[in-house]
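These notes concern the structure reproduced below.
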Amino acid sequence: MSNESRRGYDPREINGRARAGRPSSPPPHRRRRRRSNPWPAILLAALLVGAVAVGVVACSRQADPGSTSSESPSSSSELSGAAIPSSSSAADDPSLPSEPESTSSDSESASSESSSSASEPEDLPASATTDGDWRLVLVNPTHKLNGDYDVELAPVNANYQLDARIVEDMQAMIAAAKEAGYSLQICSAYRSTDRSRVLYNNKVNQYKAAGYSDEDAAVEAAKWVAPPGTSEHNTGLAADIVSADYFTKYADLEHDFETFDEFKWLYANCADYGFILRYPKDKQEITGITYEPWHYRYVGREHAKKIMEQKICLEEYLGELD
C-alpha cells in the first residue's frame, strides 16, 4: 500500500479534483502564516519624531533666550491703560435728569476724545476781555476750558442749574415772556464735562454706524455736540430755550424753532435780561457752529444790547474790545 493510502488519501480523488480545475486541499499538517500587527512600530516611530521635535525646540530657545510666548510687561501695561469711552448716563449728572442727547446744542467743531475717533482739541485756556470780565469768557473749539475752571451753580428750575450769578436774570426773562403770553421752557443748561463727553461719543458712534470713517465721524459729530471743555454749557452761562409745547411737535431741536412766536419774542427781548442769541444764522463762518435759534448765552445787559443791536456774534464783539 502506498503512503497516500496509508494516510487516508485516495489518489483518484486527488487526481479527479485536479482535472476538474479545483485546487486540492492543503495537507492538514501545514500551518497558516500569522499576520504581524503594525501599530507598535507606528507608535514607536511617533515617539521618536516627538522626541526629536522637543529637542529642536529646546535648542532654539537656548539659542534665542529673548523669544517667549508670554506678553512683555510693557505691552500688557499699554493694554490695561487703553482709553475706554465713558458709559455714564444722564443720571450721573443731577442737573440733567431728563436731558435728551439732542439738546447738547453747541455745535463746536472739535475732535473727539474717543479712542476710535480723533483726539480732543488742545487744552488752550478760555479767553475773556482784557479786564477779565467773567461774563465774556469765550469758549469754543479753539478756546477750551481748563481743569481749573470752577463755577458756583444754583437751580434755575426743578431740573436745571446755571451759574448762580445769572439765575435771577434767566428767571426774570422767562417770567416776562409768560406775562406777554409766551410760555418758555429750558431744555438744557449747565452740563458737566463728563456729560459732554458721553453725549459727544454717542454722536460719534452714530455717525460711525452710518458708515463714516473715524475722522469724518468726529468732525460731523462736533457740528452738533460739543466735545468736553469746548461747550458753553460747561460754564453755566448758557441755556437752550424753546416753547413749552415744542417737544409735542418735534422730537429733536430743529432750525424750525425760528418760526415760533416764542423765538421771535426771545430774539427781540433777550438783551434786556443780559442774554444774546449766541450762534446766529449768518455768523456760522465765524463761530464755526451751526445756527442754533434755541441757544442763549449770558453776557450782561450792557454787552448784550450792543451785540444784538449790531447783529454780531461774541467773537466779533470781543475783537472790537481788544
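Computed from a predicted model, the values in this text were never measured in an experiment.
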Taking all atoms of both residues into account, what is the closest heavy-atom pair of [X] and [Y], and its distance?
X: Leu277; Y: Cys270; answer: N-SG, 4.3 Å
X: Ala177; Y: Leu184; answer: CB-CD1, 3.5 Å
X: Tyr200; Y: Ala226; answer: CB-O, 4.1 Å
X: Glu315; Y: Leu138; answer: OE2-CD1, 3.6 Å
X: Ala239; Y: Ile186; answer: CB-CG2, 4.3 Å

Which value, rounded to the nearest 0.5 Å, describes the distance between [X] atom [atom1] and [Y] atom [atom2]?
X: Lys208; Y: Asp214; atom1: NZ; atom2: CG; answer: 4.5 Å
X: Ile276; Y: Ile307; atom1: CD1; atom2: CD1; answer: 4.0 Å
X: His303; Y: Leu318; atom1: NE2; atom2: CG; answer: 9.0 Å
X: Phe263; Y: Asp256; atom1: CZ; atom2: CG; answer: 12.0 Å
X: Tyr246; Y: Asp240; atom1: OH; atom2: CG; answer: 10.5 Å
X: Gln185; Y: Glu262; atom1: CD; atom2: CD; answer: 10.0 Å

Donor-acceptor contact present, side-chain [X] to main-chain [Y], <3.5 Å:
X: Gln161; Y: Ala154; result: no
X: Glu309; Y: Lys306; result: no
X: Tyr212; Y: Asn205; result: no

Just wondering, do [Y] and [X] contact through their side chains at under 4.5 Å, heavy atoms?
X: Lys311; Y: Asp282; result: no
X: Asp272; Y: Lys305; result: yes
X: Lys203; Y: Leu199; result: no
X: Arg191; Y: Tyr160; result: no
X: Ser183; Y: Lys178; result: no
X: Leu253; Y: Cys187; result: yes
X: Asn140; Y: Thr287; result: no
X: Val137; Y: Leu237; result: yes

Lys/Arg-Asp/Glu bridge criterion (N-O < 4.0 Å) met for Glu220, Lys223: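 Yes, charged N to carboxylate O under 4.0 Å.
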- prompt: If you draw a 6.0 Å radius around CD in Glu320, do more than 12 non-hydrogen atoms from other residues or ligands fall strictly inside?
  reply: yes
Between [X] and [Y], does any side-chain donor sit less than 3.5 Å from a side-chain acceptor?
X: Thr235; Y: Asp163; result: no
X: Asp216; Y: Ser213; result: yes
X: Ser243; Y: Asp245; result: yes

message: Between Glu316 and Lys283, is the side chain to side chain contact (heavy atoms under 4.5 Å, CB included) condition met? List the steps.
response: CA-CA 10 Å; Glu316 291 174 309; Lys283 302 298 180 180; 3.2 Å; yes
Between [X] and [Y], is there shared hydrophobic-cluster membership here, with clusters defined by ILVMFWY side-chain heavy atoms closer than 4.5 Å?
X: Tyr149; Y: Leu314; answer: yes
X: Ile312; Y: Ile286; answer: no
X: Tyr291; Y: Val242; answer: yes

task: Report the C-alpha separation of His143 and Thr230 in whole Å, then their side-chain angles, then the decisive distance to 0.1 Å, and conclude whether the side chain to side chain contact (heavy atoms under 4.5 Å, CB included) test is met.
output: CA-CA 7 Å; His143 296 83; Thr230 67; over 6 Å; no
Is the ring centre of [X] less than 6.0 Å from the ring centre of [Y]?
X: Tyr296; Y: Phe275; value: no
X: Phe257; Y: Phe260; value: yes
X: His233; Y: Tyr190; value: no

Arg135 vs Glu302, salt bridge (Lys or Arg N to Asp or Glu O under 4.0 Å): CA-CA, chis, key distance, verdict: CA-CA 11 Å; Arg135 299 171 299 175; Glu302 176 186 355; 5.0 Å; no
- line: salt bridge (charged side-chain N to carboxylate O under 4.0 Å, His left out) filter on Glu254, not counting sequence neighbours, yields none
Contacts table for residues 168-176: side-chain donor-acceptor under 3.5 angstrom, sequence neighbours left out:
residue : atom : partner : partner atom : Å
Asp169  : OD1  : Arg301  : NH1          : 3.2
Asp169  : OD1  : Arg301  : NH2          : 3.1
Asp169  : OD2  : Tyr298  : OH           : 2.8
Gln171  : NE2  : Val156  : O            : 3.2

task: Just do the side chain to side chain donor-acceptor pair (under 3.5 Å) check on Tyr267 and Glu258 with the steps written out, would you?
output: CA-CA 9 Å; Tyr267 186 84; Glu258 68 178 2; over 6 Å; no
message: Does Asn234 form a side chain to side chain donor-acceptor pair (under 3.5 Å) with Ser196? I'd like the steps, not just the answer.
response: CA-CA 8 Å; Asn234 300 148; Ser196 292; 3.1 Å; yes
